[in-house]
Colleague: 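Below is one structure. I have some questions about it.
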Amino acid sequence: MSDKKATLTLEGKDAIELPIYSGSIGPDVIDVGALTSQGMFTYDPGFVSTAACESQITYIDGGKGILLHRGYPIEQLANESDFLETCWLLWNGELPTKEEKEAFVDNVTMHTMVHDQMNNFFRGFRRDAHPMAILCGVVGALSAFYHDSLDITNEKHRNISAIRLIAKMPTLAAMAYKYSVGQPFIYPRNDLNYAENFLHMMFSTPCEEHKISPTLADAMDKIFVLHADHEQNASTSTVRLTGSTGANPFACISAGIAALWGPSHGGANEAVLTMLDEIGDVSRIDEFVARAKDKNDPFRLMGFGHRVYKNFDPRAKVMKETADKVLAELGLEDDPSLAIAKRLEQIALEDPYFIEKKLYPNVDFYSGIILKAMGIPTSMFTVIFALGRTPGWIAHWNEMIGNPYKIGRPRQLYTGSAQRDFVPLDKR
Ligand code: SDX
């Protein structure tokens with residue numbers, strides 16, 4: 001913190017001094033808590049200029065396109081680390097030692113199966129249920145199986161819940177996919193790493209083991225790393241707000257999954273593919289770019305723009321490199337969606353509208369192309385985003401619960417009716 005102050009002068013009132021706090025890097029913040037005693041609130045719809053908490057997990061410099069997890073650049077983690085190591089880093093603040101990593105991986109591996117009763121939840125859904133609807137339901141339902149470890153004030157309970165969530169998400173995600181295609185659920189295997197196991201549960205059948213390509217498993221792990229955390233985004237803020245009521249971790253993560261589903265957030269990767277399919281051909285790109293610029297047309301270029309990044313999303317750069325590798329491995333370099341995506345990106349980066357509004361490709365722009373090439377259906381894209389984001393949600397939930405916190409309860413600018421008396425029906 002610092003001893004800097006902001007002075008707020010209010011008409012007809014004494015000026016008030018508001019403390020300014022400085023972080024280790026990034027913008028200072030003004031503590032506006034004193035405003036309540038002056039009978040006023042701040043007003044910031046969409047929290048564009050609001051720091052909702054103090055955190056040490058992730059730092060984003062939107063102007064420079066920088067993303068750090070506990071100080072480590074996302075490009076280095078994506079290219080040199082792996083998902084479970086990044087998960088440990090997010091949760092513990094430091095990269096694990098060799099022994100810590102081995103023990104952590106073993107611990108996660110031992111929790112990848114789900115209670116057999118969970119299968120019954122899936123049978124209740126229609127086969128064509130959206131897998132995000134299923135994931136919201138079954139993740140929240142996990143709390144029904146662990147009554148022995150839901151005391152959020154008990155660090156041991158918080159730790160085992162975190163392990164169970166990170167370990168079971170791939171299993172539940174793959175079960176949602178298998179259910180949608182009418183195939184039996186495939187058990188996890190303890191001899192496979194995290195990404196290999198997910199692809200195994202997605203694509204093996206009782207009749208044949210899926211042959212896992214190291215390139216695709218590496219790409220899958222990279223996609224998980226690139227989605228692992230992203231500061232106080234909408235779904236992470238949802239997890240924090242839900243957690244601030246004392247709700248159990250499974251309920252909090254289920255709330256985060258629900259928030260992620262929206263097309264403006266994690267649902268954008270699915271929306272990008274739908275958009276590319278709708279464009280259909282490079283010759284129609286100009287028509288869609290014109291619509292995106294038309295104030296009267298609600299259409300937006302999915303996969304472009306970001307609340308924080310006013311430069312390239314560093315994750316999109318790594319995702320683009322990964323897309324090239326995966327499509328080359330699969331002999332799909334001429335995939336029409338990729339051709340349209342690359343042409344769209346080029347046009348958008350040259351178009352004055354997108355330059356002026358600083359709209360760059362974000363993490364969702366290329367991820368869908370990779371996932372589609374890997375044979376994953378579009379409806380599963382946001383499920384995979386949720387899988388990747390789980391360690392970040394847990395890290396923020398734990399950081400909040402592990403330190404003094406208050407229940408989140410924003411106020412409002414009220415513009416409704418002043419008090420008035422009830423009018424009986426026969427007098428209206
Ligand atoms: C994610 O917060 C996070 O960190 C999220 C995320 C994470 O890892 O958790 O990074 C993941 O959600 C990435 C974003 C995925 N969403 C999309 O790709 C959907 C398309 N993008 C837009 O919906 C939009 O860019 C948002 C929602 C991402 C950001 O919206 P903001 O910050 O509220 O910005 P805005 O809507 O006020 O837009 C600013 C201007 C507007 O024009 P004006 O009103 O100023 O004239 O830019 C325009 C918008 O109309 N604009 C777009 C556009 N995005 C913004 N115009 C056309 N196409 C777009 N995609």
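Whatever order the structure lists them in is the order used to number ligands and atoms, beginning at 1. Basis for what follows: all heavy atoms, side chains included, without hydrogens, waters or symmetry-related copies.
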Colleague: Look only at the side chain of Asp294 and the backbone of Asn296, and say whether a donor-acceptor pair between them is shorter than 3.5 Å.
Modeller: yes
Colleague: Considering only non-hydrogen protein atoms, determine which one is nearest to atom 31 (P) of ligand 1 and report residue, atom name and distance to 0.1 Å.
Modeller: Arg307 NE, 3.7 Å
Colleague: Does the protein put a heavy atom less than 4.0 Å from atom 39 (C) of ligand 1?
Modeller: no
Colleague: Please work out which of Tyr360, Phe288, Phe304 has its closest non-hydrogen atom nearest to atom 20 (C) of ligand 1.
Modeller: Phe304
Colleague: Under 4.0 Å from ligand 1, counting heavy atoms only, is it the side chain of Lys357, its backbone, both or neither?
Modeller: side chain
Colleague: For atom 1 (C) of ligand 1, which of the options Asn362, Asp364, Val289 provides the nearest non-hydrogen atom?
Modeller: Asp364
Colleague: For atom 49 (C) of ligand 1, which candidate among Arg389, Gln232, Arg300, Met302 provides the closest heavy atom?
Modeller: Arg300
Colleague: Among residues two or more places apart or on two chains, list those pairs meeting ring pair (Phe, Tyr, Trp, His ring centres under 6.0 Å) that have a residue in residues 61-106.
Modeller: Phe83-Tyr194, Phe83-Phe224, Trp88-Phe104, Trp91-Phe104
Colleague: If hydrogens are left out, which of Gly388, Gly267, Ser264 has an atom nearest to atom 27 (C) of ligand 1, that is, the closest non-hydrogen atom?
Modeller: Ser264
Colleague: Checking a contact table here: which protein heavy atom is nearest atom 56 (N) of ligand 1, and how many Å away?
Modeller: Tyr353 OH, 3.2 Å
Colleague: Is the side chain of Glu196 donor-acceptor paired with the backbone N or O of Asn193 at a distance under 3.5 Å, no angle test?
Modeller: yes
Colleague: For atom 34 (O) of ligand 1, is the nearest protein heavy atom closer than 4.0 Å?
Modeller: no
Colleague: Side chain, backbone, both or neither: which applies to Leu359 and ligand 1 if a contact is any heavy-atom pair less than 4.0 Å apart?
Modeller: side chain
Colleague: Are any non-hydrogen protein atoms located under 4.0 Å from atom 25 (O) of ligand 1?
Modeller: yes
Colleague: For atom 42 (O) of ligand 1, what is the nearest protein heavy atom, given as residue, atom name and distance?
Modeller: Lys295 NZ, 3.6 Å
Colleague: Who's closest to atom 28 (C) of ligand 1 heavy-atom-wise, of Gly266, Gly392, Gly305?
Modeller: Gly305
Colleague: What is the nearest protein non-hydrogen atom to atom 57 (C) of ligand 1, stated with its residue, atom name and distance?
Modeller: Ala292 O, 3.6 Å
Colleague: Where is the nearest protein heavy atom to atom 4 (O) of ligand 1: which residue, which atom, and how far?
Modeller: His230 ND1, 2.5 Å
Colleague: Check each heavy atom of Ser235 against ligand 1 and say whether those closer than 4.0 Å belong to the side chain, the backbone, both or neither.
Modeller: neither
Colleague: Could you check whether any side-chain N or O of Thr171 sits under 3.5 Å from a backbone N or O of Thr112, counting only pairs where one atom can act as donor and the other as acceptor?
Modeller: yes
Colleague: Is the Lys NZ or Arg CZ of Arg291 less than 6.0 Å from the centre of Phe299's six-membered ring, within 45° of the axis?
Modeller: yes
Colleague: Any idea which atoms of ligand 1 are less than 4.0 Å away from a heavy-atom of Ala268?
Modeller: 15 (C), 16 (N), 17 (C), 18 (O)
Colleague: Please work out which of Lys293, Met275, Lys310, His306 has its closest non-hydrogen atom nearest to atom 3 (C) of ligand 1.
Modeller: His306
Colleague: Checking the side chain of Lys310 only, and the main-chain atoms of His306 only, is there a donor and an acceptor separated by less than 3.5 Å?
Modeller: yes
Colleague: Which atom pairs, one a donor and one an acceptor, fall under 3.5 Å between side chains of residues 394-403 and the rest of the protein, sequence neighbours left out?
Modeller:
| residue | atom | partner | partner atom | Å |
| --- | --- | --- | --- | --- |
| His396 | ND1 | Gln232 | NE2 | 3.4 |
| His396 | ND1 | Arg240 | NE | 3.3 |
| His396 | ND1 | Arg240 | NH2 | 3.1 |
| His396 | NE2 | Asp229 | OD1 | 3.2 |
| His396 | NE2 | Asp229 | OD2 | 3.0 |
| Asn398 | OD1 | Arg158 | NE | 2.8 |
| Glu399 | OE1 | Ser55 | OG | 2.6 |
| Glu399 | OE1 | Arg240 | NH2 | 2.6 |
| Glu399 | OE2 | Ser55 | OG | 3.4 |
| Glu399 | OE2 | Gln56 | N | 2.9 |
| Asn403 | ND2 | Glu399 | O | 2.6 |

